[in-house]
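Heads up, the thing below is written out as structure tokens.
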Amino acid sequence: MKKLLSLIAISALLVSCGSTKQTTTAAPAKPAMTVEDFAKTITAAELKEALYIYASDEFEGRDTGEPGQKKAVEFLKKHYVDLNIPAALPNNDYFQEVPLEKTGAPEVSISINGKDFKAVDDFVSFAGSNGTLTTDEIVYVGYGIEDEKYSSYKDIDVTGKIVLFKNGEPKDKDGKYIISGTEESTGKWSNMREEFSSKSGIAKEKGAKAALYYNPDIYGMVAQRFGSGRTSIGLKSTEDKEDQMSFMLVNTALAEAIVSNISTNNESKTVKVPVNLSYKSVKEDINSENVVAYIKGSEKPEEYIVISAHLDHVGVQDGKIYNGADDDGSGSVAMLEIAEAFKKAAENGQAPKRSVVFLHVTGEEKGLLGSRYYTDMDPIFPLENTVANLNIDMIGRTDPKREGGDRNYVYLIGSDKLSTELHNISEEVNKKYTNVELDYKFNDENDPNRFYYRSDHYNFAKNNIPVIFYFNGTHDDYHQHTDTPDKIEYDLLENRTRLIFHTAWELANRAERIVVDKATDSE
């Protein structure tokens, strides 16, 4: 029996070894997955793990250009490398260099009618050209407004001169604001940040050499925040700044040395008074970078969905580390999870039809610098082919002022500003998949917070690229050293991140790109 069994075994072995034709079995196709399957890879646990590192003391508050920010960009890069998501730049370079310059408090002196005024005590300087300006007159232009309904510059030439203007805007005899025609003032001429920009911009356009801005309501606050010892960071310009208009905020003593009744006098006039103004800038170059990765589209690779969040925070102040867990650590790690979900889809043979760009921008806290550099100076992907921008800035907490509402909410800003279709898609996707309460409180044109203009999406919106800004609102820890990862509500962060992923997925995979039907000129 043993012999017979051995012969059978030997025969089987010979048949097996003697066959010269190899047969192969095709690898089974990967089963199709749903967008919900990919969304489920976004988990509170992974968000928490990443954020506890990203918003740790080791990263020193991620201040722009500082060592902590360098650690942050390396952390982000490593995630994309580990996920095998390629860089957006050639040679697998994840870093878009953003040239910046740090400006210290300039050395400024001003004397009027022989009286010397002191920096911080009497004025705060924001801009200027190196050199000395001596003149025997100043042009007072009242409110400093140029509008079709009201002009402070009528029949006045301010070319090469120093101008003085005050805050606010005029009212008619009935107490209504002339420009708006209502009891509400305009943001452009009265809101502090916009008023700075609008009134100084008009003075510069009219040819003024220097502008003095009188606003007693804010002088103390501005002097404390931006006075002696301050530094600011801005994009480095290749333009010659020697002809830059000097611009400073002045206190009551200085303003009244020029126009004694400035608080009640709105009439433009030339004031004969000897003035000597000198300015010396204090600058140094610094380097920072955006981190940019992308997944190439399978059918429409030349069209792009850009998802953005700012990677920086405010650093270390008075020995305390400002970790920025919510602002904007929450958005930064949310993007990493969204990228991973898209990568899972691509690995399963379900890559998005359009390319998806993951843009981590620097310098948001310094004035939206990284996103402005991307849109205005060096867009890696053409803006005309950019379908939409989904911007994530603070989505890990709840707004304590939001009384009585479901905690599972998110504020949406800008979704309907440029594209009705984008707004409708956002609503439909949310109803189908996530059921987050979409709160449009801060989307109001008259919102005094002006959040639409205060995060990185705005640099896309001003180029008529439809945007959605996802935001949980401010809280007591906003811009405080107490914004730490232990206070993040990770279940909310998970659900909001999934909402953004679903919205991006729909935008990337629909047959036609969304239509821009509300294009406007930027402010």
Rounded to the nearest 0.5 Å, what separation is found between the [atom1] atom of [X] and the [atom2] atom of [Y]?
| X | Y | atom1 | atom2 | answer |
| --- | --- | --- | --- | --- |
| N391 | I468 | CG | CD1 | 11.0 Å |
| L422 | I514 | CG | CD1 | 4.5 Å |
| M335 | D328 | CE | CG | 9.5 Å |
| E489 | D326 | CD | CG | 9.0 Å |
| S232 | K283 | OG | NZ | 7.0 Å |
| W189 | S180 | CH2 | OG | 13.5 Å |

Is [Y] close to [X] at the side-chain level, that is, under 4.5 Å between some pair of heavy atoms?
| X | Y | value |
| --- | --- | --- |
| F342 | P352 | yes |
| F75 | L336 | yes |
| I338 | I392 | yes |
| N323 | D57 | yes |
| I295 | F358 | yes |
| V73 | L311 | yes |
| D483 | Y322 | no |
| S281 | T103 | no |

- Task: Please step through side-chain contact (heavy atoms from CB on, under 4.5 Å) for the pair L76 and Y54, ending with a clear verdict.
- Result: CA-CA 9 Å; L76 297 171; Y54 195 73; 3.8 Å; yes
Strictly below 4.0 Å, N to O, side chains only: are [X] and [Y] in salt-bridge contact?
| X | Y | value |
| --- | --- | --- |
| R510 | E506 | yes |
| D327 | R62 | no |
| E195 | R450 | no |
| R454 | D393 | no |
| K188 | E169 | no |
| R397 | D477 | yes |

- Note on the structure: Checking K71, K102, K366 against E66 for salt bridge (charged side-chain N to carboxylate O under 4.0 Å, His left out), the one that qualifies is K102
- Sequence neighbours excluded, every pair satisfying salt bridge (charged side-chain N to carboxylate O under 4.0 Å, His left out) that has a member inside residues 431-440: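 Every pair satisfying salt bridge (charged side-chain N to carboxylate O under 4.0 Å, His left out) with a residue in residues 431-440: R402-E437, R402-D439.
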- Any salt bridge (charged side-chain N to carboxylate O under 4.0 Å, His left out) involving residues 34-48? Give me the pairs, sequence neighbours left out, ordered by first then second residue.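 Residue pairs with at least one partner in residues 34-48: there are none.
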[X] side-chain N/O to [Y] backbone N/O, donor-acceptor pair under 3.5 Å:
| X | Y | answer |
| --- | --- | --- |
| K343 | I85 | no |
| T474 | D399 | no |
| D318 | K320 | no |
| D312 | T362 | no |
| E365 | V314 | no |
| N463 | I465 | no |
| S419 | V516 | no |
| R354 | E303 | no |

- Task: Show your reasoning for whether side-chain contact (heavy atoms from CB on, under 4.5 Å) applies to I488 and L47.
- Result: CA-CA 10 Å; I488 298 297; L47 289 161; over 6 Å; no
[X] and [Y]: side-chain donor and acceptor closer than 3.5 Å?
| X | Y | answer |
| --- | --- | --- |
| N430 | T434 | yes |
| H360 | Y80 | yes |
| E340 | H79 | no |
| N443 | S415 | no |

Near [X] [atom1], under 6.0 Å, is it more than 12 heavy atoms from other residues, nucleotides or ligands?
| X | atom1 | result |
| --- | --- | --- |
| E347 | CD | yes |
| K70 | NZ | yes |
| D476 | CG | no |
| E384 | CD | yes |
| E284 | CD | yes |
| Q224 | CD | no |

Can you see whether [Y] has [X] sitting over its ring - NZ or CZ less than 6.0 Å from the centre and within 45° of the normal?
| X | Y | value |
| --- | --- | --- |
| K417 | Y452 | yes |
| R496 | Y409 | yes |
| K166 | Y143 | yes |

- Task: Would you check, one step at a time, whether the test ring pair (Phe, Tyr, Trp, His ring centres under 6.0 Å) holds for F451 with F471?
- Result: CA-CA 9 Å; F451 286 127; F471 178 52; 4.8 Å; yes
Check whether the ring centres of [X] and [Y] lie less than 6.0 Å apart, and answer yes or no.
| X | Y | answer |
| --- | --- | --- |
| H423 | Y440 | yes |
| Y304 | Y294 | no |
| W505 | F38 | yes |
| F469 | Y411 | no |

- Message: Please give me the minimum heavy-atom distance between A325 and A55, naming the atom from each residue.
- Response: CA-CB, 3.7 Å
- Query: Step by step, would you call I53 with F59 a side-chain contact (heavy atoms from CB on, under 4.5 Å)?
  - Reply: CA-CA 8 Å; I53 298 171; F59 286 69; 3.8 Å; yes
- Begin from the C-alpha positions of F95 and K77 and carry the test side-chain contact (heavy atoms from CB on, under 4.5 Å) through to its verdict. CA-CA 8 Å; F95 297 154; K77 174 184 174 180; 3.9 Å; yes
